[in-house]
Amino acid sequence: MLRRKPTRLELKIDDTEEFESVKKELEAMKRQREAESGVGVASVISVDIIGGGASGSSTAAGRAELINERIGYKPHPKPATLPTLFGSLQF
């Protein structure tokens, strides 16, 4: 295995300014979400109680869909017909 020297990265002033602006935007969005979640907690609880607690199972399904999408997995359900269950039986 050949070793190579580490790649040199250069940090420019423009990069630093862009990082700071993106960081400020993300912090503002985070504060806004926290403010909204503090107000919306009661409504989420009431919907969960009215809905019968079904949001937990849908969250798990949604999480699985997000993971499958991220890794590129697209499950295709197999048809539940007799030839697929038992193979091609010939007598």
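None of these values were measured; they are calculated from a predicted model. Values below: every heavy atom of this structure, side chains too, minus hydrogens, waters and symmetry copies.
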field: Residue pair L26, K23: steps toward the side-chain contact (heavy atoms from CB on, under 4.5 Å) verdict
entry: CA-CA 5 Å; L26 290 175; K23 184 177 176 182; 5.9 Å; no
query: How many angstroms lie between CZ in F19 and CG in L11, if you round to the nearest 0.5 Å?
result: 10.0 Å
CG on D15 to CG on L9, rounded to 0.5 Å: 10.5 Å
message: Would you say that E17 contacts D14 through its side chain, given a criterion of any heavy-atom pair below 4.5 Å between the two side chains?
response: yes
field: Candidates E27, R31, R33 - the one meeting side chain to side chain contact (heavy atoms under 4.5 Å, CB included) with M29
entry: R33
Lys/Arg-Asp/Glu bridge criterion (N-O < 4.0 Å) met for E20, K24: no
